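Below: one structure, written as structure tokens.
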Protein chains: 2
Amino acid sequence: MEEQNKKILLVEDDPNFGTVLKDYLMMNDYDVVHAKNGMEGFEKFKKDDYDLCILDVMMPYKDGFTLAKEIREKNTDVPIIFLTAKAMKEDVLKGYKVGADDYLNKPFDSEVLLMKIKAIMQRKATDSVADSKQFEFKIGRFDLNSKLRFLKFDGGEPTKLSPKENELLRLLALHENDLMPRELALTKIWRDDNYFTSRSMDVYIAKLRKYLKPDPKVEILNIHGEGFRLVVNGNDK
Amino acid sequence: MEEQNKKILLVEDDPNFGTVLKDYLMMNDYDVVHAKNGMEGFEKFKKDDYDLCILDVMMPYKDGFTLAKEIREKNTDVPIIFLTAKAMKEDVLKGYKVGADDYLNKPFDSEVLLMKIKAIMQRKATDSVADSKQFEFKIGRFDLNSKLRFLKFDGGEPTKLSPKENELLRLLALHENDLMPRELALTKIWRDDNYFTSRSMDVYIAKLRKYLKPDPKVEILNIHGEGFRLVVNGNDK
DNA sequence: TGCTTTTGTTAATGTAAGGTTAAACCTAAT
DNA sequence: ATTAGGTTTAACCTTACATTAACAAAAGCA
């Protein structure tokens, strides 16, 4: 069973410490992107989705709090851990009320950091009441429950979906009525883009079409050379 | 608002080190009971409820692992932290698979210990939102009494459940209609996640299905690669 | 138009996960 | 020492998935 590694954005200006920390986290099966300052950190953040941000507070140009604020403007959900100097009191930190999930005084025990990360990730995982919306879709007369991997037609018997079927349909639903680029699915779901994965994806499209047949208003259209489009007719706009 | 201090059982044979550690923990607002060896540790454990156990591994008469095993028989939930010699490798420790929540190499940084304690307490606190003191469940036409380990059909003769059967069914019931991840049961009940424990779990699923057969509306569904789902049909929504 | 590339669909294949039953193994209690 | 209850391991079988192959049909392009 393969599980996707969690992605961490690490923003730390001290190159030595940053590199060591990055390596340590990667050894513990996290995907880590290391930015050397606040600017770069924000650029990287915009370019990708992260499960967690670890921000050094003391940085030139753009400090951790300012960066956090910008990040929050784009995404209210990512957990943030601040690395602070020993001296700082907690109440000082609270003043910035930017919604930190944790603070860690430098220097810190790397194991402690790991634990905090785990705890936060787990909390987020169980929190999912909030983002359950991302897992349930109405597609014409169908209901897709992407967490439990089933598709229901008119509230009847649910059809089980395989992981790939499920993820693909979910991606299409996320882009309902819009182009879902081939490449997006391939990189997100298959994590590889070549002739064979592409053919495999086509096979899955065929399967999904079969599942969706009961509702004639629901179609998966191909946009030649570009990707696919899940449309629900009558859902005009 | 008054909050009760957390209670810690400390089992450590070195009187000096033990006393120092005890004082340190008490200074940090924990109630600490200090036992000087494994025997005494177990006696004290039986006499009271603890939020956490800190066990030295290397002790005369009864080592920490043996003690932990006894503790686990009485209580599957208390978090346990082991104090180990530097030399011990983690995989050696895992062999004992007694469900440690953490290991700490002696000598260790007392602040690190504090943080680990905090982390564990917090984890327990959030865990228990879900599975707190719930021991009675209605599952279709069944009643599960998880404290007394029996399952009743239509209020008739109760079927006795073995500890593992019971815990597994309870976990499923806690997640009724929702995914109960395989991994969750394995780490919570078997305290180890490998091929064999996983197969063992499957055996238990089969047993539970047999028990639940009398009510056709109750099913344990598999979600391939993810886990199981206890559903009660007609309990729609 | 004819040729190439992309997509549609179905079937075949290989592997991993899960289902089930029975035997082996442990351990506590007799 | 024997036994009974509980659990794990083994063995064998079925189902679920993903990939690849094979061939057909569209779409784009020269």
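Just so it is clear: chains get the letters A, B, ... in the order the sequence lines come, proteins before strands, and each one is counted from 1. Since the structure is predicted, the reported quantities are computational estimates derived from the model, not experimental observations.
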Next on the checklist: Between the side chains of B:Lys7 and B:Asp49, is the shortest nitrogen-to-carboxylate-oxygen separation below 4.0 Å, so that they form an ion pair?
Outcome noted: no
Next on the checklist: Using a strict threshold of under 4.0 Å (side-chain N to carboxylate O), is an ion pair present between B:Asp13 and B:Lys36?
Outcome noted: no
Checklist entry - So, is A:Ser162 near the phosphate of D:dA16, with a side-chain N or O under 4.0 Å from OP1 or OP2? => result no
Next on the checklist: One character per nucleotide, please: for nucleotides 7-14 of chain C, 5' to 3', B when the base has a protein heavy atom closer than 4.0 Å, S when only the sugar-phosphate does, - otherwise.
Outcome noted: BBBB----
Checklist entry - For DNA chain D, whose closest nucleotide is more 5', that of B:Glu165 or that of A:Ser200? => result B:Glu165
Item to check | Distance-only donor-acceptor check, side chains B:Asn194 and B:Asp192, under 3.5 Å | outcome: yes
Next on the checklist: Under 4.0 Å from OP1 or OP2 of D:dT8: is there any side-chain N or O of B:Trp190 that close?
Outcome noted: yes
Item to check | Cationic tip of B:Arg141 above B:Phe153 ring, under 6.0 Å, 45° of axis | outcome: no
Checklist entry - Tell me, which pairs form a ring-ring contact (aromatic ring centres under 6.0 Å, His included) where one or both residues lie in residues 156-200 of chain A, sequence neighbours left out? => result A:Trp190-A:Tyr204
Which atoms of nucleotides 26-30 of chain C (N or O only) lie under 3.5 Å from a protein N or O atom, and what are those distances?
none

Next on the checklist: Whether A:Asp202 and A:Arg182 form a salt bridge (side-chain N of Lys/Arg under 4.0 Å from carboxylate O of Asp/Glu) is what I want to check.
Outcome noted: yes
Item to check | salt_bridge(B:Lys188, B:Asp193) N-O dist < 4.0 Å | outcome: no
Checklist entry - Any cation-pi pair here, B:Lys6 with B:Tyr30, using under 6.0 Å and within 45°? => result no
